[in-house]
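Only one structure is covered here, and it is reproduced in the block below.
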Amino acid sequence: MTLSFETLAKQFDSLTQRPSSDYDAFNVDADQLVALCEHLRDKEGFSLLVDVAGIDWNDQSPRFSVAYHLYSVIKQCYVRLVCACVGDESPEVPSIVSVWPAANWHERETYDMFGIHFKGHPDLRRILMWDDYKYHPLRKEFPLAGIEDELPAADVRERVDANVIAAPMMGGPFYAQAADHMSQREPSAADQSWAESNPKRD
Amino acid sequence: MSTENLEVGYNSRIEGDVIVSKADAVINWVRKNSVWPMPMGLACCAIELMATGAARFDMSRFGMEVMRFSPRQADCMIVAGTVTYKAAEVVRRVYEQMASPKWVVAMGACASTGGMYRSYAVMQGVDRIVPVDVYISGCPPRPEALLDGMMRLQEKISQERSLTQLTKKR
Amino acid sequence: MATQQKEINLGDNSARYQSEVPGETMSLNMGPSHPATHGVLRLKLELDGDFITKCDPVIGYLHRGDEKIAENMTYNQFVPYTDRLDYLAPLHNNVTYAIAVEKLAGLEMPPRCEAIRVICCELARISSHLLGIGVYGMDAGAFTIFLYTFTEREKLYTLFEELTGARLTTSYTRIGGLMRDIPEGWLGRVNNFINQLGPILEEVDGLLTRNTIWMKRTEGVCPISKEDALAYGLTGPNLRASGVDADLRRDKPYSGYENYDFEIPIGTSGDCYDRYLVRMEEIRQSMSIVRQAIEKMPDGPWYAEEAKKIFPPRKDKILTKMEELIQNFMIVTEGPQIPPGEVYFEAENPKGVLGFFIVSKGGGVPYRMKIRGPSFCSLSILPKVMPGLMITDVPIVLGSLDFVMGECDR
């Protein structure tokens with residue numbers, strides 16, 4: 001019931017197999033992504049796009065990847081496609097909204113969280129954070145606590161005199177990093193960007 | 001059911017049809033027994049808020065069953081759930097639309113302090129944008145806790161200086 | 001009125017927008033604080049008279065950063081956050097998350113653990129659908145249904161509380177097992193609950209299913225075709241109501257679902273009425289699965305005993321034995337040691353399929369965790385199906401899609 005890598009690779013030469021703990025997984029280049037998706041939908045019966053997930057590999061290059069999960073209702077199997085983004089500064093991949101309309105919101109979310117541009121997306125704007133937000137929160141350099149910023153809506157901001165603060169992380173979450181010596185495994189927060197010099201406004 | 005009211009000393013044989021009481025006591029008595037809540041249901045706590053309104057816990061026993069989704073008709077905003085920065089604007093605008101006197105109850109850990117969501121998107125306590133009268137702990141609070149919180153709000157209302165507030169120039 | 005160009009017959013649900021007159025449209029903002037939006041969904045509608053010409057949903061008012069939080073804590077610490085994804089069925093979220101991590105770790109659960117998980121999943125499904133139908137009814141003006149279903153939910157909450165210690169935020173399923181074994185006599189009480197739920201469900205059925213007002217308001221409203229449902233990634237009851245025969249419990253059995261007999265209700269036209277019928281039938285099927293699971297509840301351990309570096313040792317051993325104490329300490333501070341790899345697991349949640357995509361680089365902390373919320377996809381179809389509907393249909397459509405913003409915005 002699974003896909004034959006050889007047959008697919010004949011048609012799409014950039015396709016390589018990807019190590020995976022569960023389903024068939026392929027790496028594909030950005031320029032063949034849309035064609036491959038169309039092929040999988042029309043010829044192999046993968047009618048359902050279940051998920052689109054961005055991944056930030058931090059210090060690697062290419063830095064960003066987008067993982068697509070497809071499901072075939074008829075064959076009852078999954079396939080994972082991973083497409084590395086072109087460019088590390090302003091990453092870009094082609095949009096697959098034309099293949100599955102479901103990708104629309106998923107791609108908007110990935111753009112919002114990682115700043116990955118989907119070329120050909122009809123309406124690429126933020127979806128979870130507000131429109132004027134400056135950062136892409138799921139990038140690895142962005143701290144969990146957040147960065148000080150202004151509240152959305154200028155009139156409300158003036159009246160309440162509050163702004164976006166870095167959340168206090170004094171209470172955790174803590175865990176111990178793997179280290180050579182036992183004494184260095186003190187549980188600590190992964191994100192140390194919080195500052196106790198930000199008292200809560202009263 | 002008889003309503004015991006210590007503020008109103010009334011004896012019909014002596015005073016006839018006249019009741020003498022402090023204006024504050026009367027106003028507060030009226031106010032506290034008909035709190036119309038505005039359920040600002042944002043997240044998980046809203047489910048417990050609904051449970052409090054439903055048959056088993058029945059908020060109407062305390063004169064609060066009239067859930068008003070229009071802020072113009074409500075006295076008390078129950079902020080039930082996580083307030084994110086994106087939603088903060090909405091909470092504030094809804095609060096501003098309410099007619100005074102108005103009260104705010106922060107239901108649950110998230111609304112009170114940000115709770116377990118110490119992250120970039122979550123406002124660390126709704127009291128940063130609206131004045132809160134009663135905080136209710138719990139994640140989410142049980143319906144009993146919400147009822148207790150609302151009764152504490154009633155206590156608070158009964159001790160307010162309503163007349164001074166009414167006559168004060170705003 | 002010879003040149004009447006608007007042909008609208010309000011008694012007929014098939015009446016749709018047919019106006020040829022270019023009129024002025026009106027923009028209407030609905031939500032985020034609106035009783036029909038079940039949370040903090042906001043709809044920007046464009047109206048021509050009573051008809052919707054454009055719909056733009058605005059979400060993100062409950063975006064709490066769950067995925068970022070997951071990258072900053074151990075696998076075990078994240079379990080309570082899964083409660084608050086779909087906060088109408090927390091027990092099921094726990095199970096889905098635990099299986100996803102167990103799949104990455106290569107763990108097999110003993111049969112007793114799996115059976116208990118199945119009971120949890122199905123009770124969660126019942127409670128979620130009860131709320132879904134209750135609120136759906138309330139949106140259409142049938143307030144009685146809400147009170148009926150909420151009374152049943154309270155009984156369920158009592159059972160959950162006995163099992164897990166909490167009404168709503170259960171955190172019962174842990175990676176590599178459960179929080180604890182089921183309490184004594186609990187199965188009997190679940191059985192009693194299921195037995196008394198039947199007649200009450202019949203009563204709800206009698207109040208709604210053939211009720212003319214209910215049918216007028218839901219039948220033929222907002223039909224979603226098979227093709228649209230698949231293209232927009234709808235899952236769960238919403239997909240099945242459109243006539244697609246897909247249920248992961250049968251197609252990709254997890255947690256021992258292959259051992260139970262149940263039927264999968266499929267709709268025909270995919271309208272709001274079908275979505276209601278599918279949910280009603282799913283409650284009945286869930287009841288049957290729970291009965292079967294109680295009947296053949298196996299004995300044995302309720303946690304994976306071989307999972308030394310993942311599931312903490314038993315309490316009495318922690319308190320008396322040095323090795324177990326250290327092991328427990330390591331699991332608590334460093335997290336369960338999960339091998340590197342990529343795994344995607346999704347399970348049939350009450351609202352649709354909830355998926356976890358976990359990228360691990362080894363150690364106790366996920367490198368990246370993507371949560372696929374079914375409500376997110378259910379809502380993405382709104383711009384497609386809303387145009388042409390009347391403004392009074394909006395609460396009905398939203399109620400029938402049965403979404404929850406916690407997992408939509410995450």
Side-chain angles (χ1 to χ4, degrees), chain A residues 18-23 25 41 47-58 67 69 71 73-74 76-78 80 82 99-106 108-109 112-113 123 126-130 137-138 140 142-144 146 167 169 172-178 185-187 189-191, chain C residues 57-60 63 65 67-69 71-74 77-78 103-104 106 227-228 230-235 239 244-246 248 251-252 330 332-335 337 339-346 353 355 357 359-360 362-365 367-370 372 376-377 379-381 383-384 409-410:
Chain A
R18 182 182 178 83
S20 149
S21 317
D22 44 6
Y23 312 116
R41 183 194 62 181
S47 45
L48 204 60
L49 171 78
V50 281
D51 194 23
V52 177
I55 308 168
D56 178 1
W57 297 109
N58 204 5
H69 288 92
Y71 179 65
V73 176
I74 301 151
Q76 296 160 1
C77 65
Y78 291 92
R80 176 184 308 133
V82 181
V99 190
W100 289 284
N104 190 330
W105 280 26
H106 284 300
R108 273 176 71 188
E109 187 196 328
D112 192 352
M113 293 288 125
D123 183 25
R126 285 186 181 270
I127 187 164
L128 294 179
M129 304 304 284
W130 56 96
L138 277 181
K140 285 288 174 189
F142 187 86
L144 169 64
M169 307 295 280
F174 297 140
Y175 63 90
Q177 313 270 8
R185 295 186 184 178
E186 182 73 17
D191 175 6
Chain C
V58 182
I59 63 168
H63 175 65
E67 290 172 12
K68 187 84 183 174
I69 290 172
E71 290 173 12
N72 282 282
M73 55 173 56
T74 65
Q77 285 171 331
F78 191 68
K103 217 176 145 192
L104 195 53
E227 291 73 30
D228 277 352
L230 284 171
Y232 280 88
L234 256 61
T235 44
L239 180 66
V244 181
D245 188 4
L248 290 176
D251 301 341
K252 289 274 196 197
M330 299 293 273
V332 170
T333 56
E334 286 180 12
Q337 296 305 302
E342 292 173 3
V343 81
Y344 181 75
F345 175 75
E346 53 181 23
V353 295
F357 175 48
V359 180
S360 161
V365 183
Y367 184 75
R368 163 94 171 100
M369 185 187 297
K370 166 83 208 257
R372 188 253 188 219
F376 185 77
C377 303
L379 287 178
S380 74
I381 202 170
K384 163 88 181 158
D409 295 345
R410 302 174 300 275

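In what follows, chains carry the letters A, B, and so on, assigned in the order in which the sequence lines appear, proteins first and then strands, with residues in each chain numbered from 1. Only heavy atoms go into these numbers, but all of them, side chains included; no hydrogens, no water, no symmetry mates.
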Practice task
Check whether C/Asp228 gets within reach of chain A through its side chain, its backbone, both or neither, counting any heavy atom under 4.5 Å.
Solution key: neither

Handout entry: Toward chain A, the part of C/Lys252 with a non-hydrogen atom under 4.5 Å
Key = side chain

Handout entry: Any donor-acceptor N/O pair, C/Arg372 side chain to A/Val50 backbone, under 3.5 Å
Key = yes

Exercise for the section: Before giving the answer on salt bridge (charged side-chain N to carboxylate O under 4.0 Å, His left out), spell out for C/Lys103 and A/Asp22 the whole-Å C-alpha distance, their side-chain angles and the decisive distance to 0.1 Å. Expected result: CA-CA 8 Å; C/Lys103 217 176 145 192; A/Asp22 44 6; 3.7 Å; yes

Practice task
Determine whether the side chains of C/Glu346 and A/Tyr78 contain a donor N or O and an acceptor N or O closer than 3.5 Å.
Solution key: yes

Handout entry: Side chain / backbone / both / neither for C/Leu104 at chain A, heavy atoms under 4.5 Å
Key = side chain

Handout entry: C/Arg368 side chain to A/Gly54 backbone, donor-acceptor under 3.5 Å
Key = yes

Practice task
Using a 4.5 Å cut-off on heavy atoms from C-beta on, say whether the side chain of A/Tyr71 contacts that of C/Val353.
Solution key: no

Handout entry: Residues C/Lys370 and A/Asp51 bridged, charged N to O under 4.0 Å
Key = yes

Handout entry: C/Val244, part contacting chain A, at a heavy-atom distance under 4.5 Å
Key = side chain

Handout entry: C/Tyr344, part contacting chain A, at a heavy-atom distance under 4.5 Å
Key = both

Handout entry: Aromatic ring proximity C/Tyr367/A/Trp57, centre distance under 6.0 Å
Key = yes

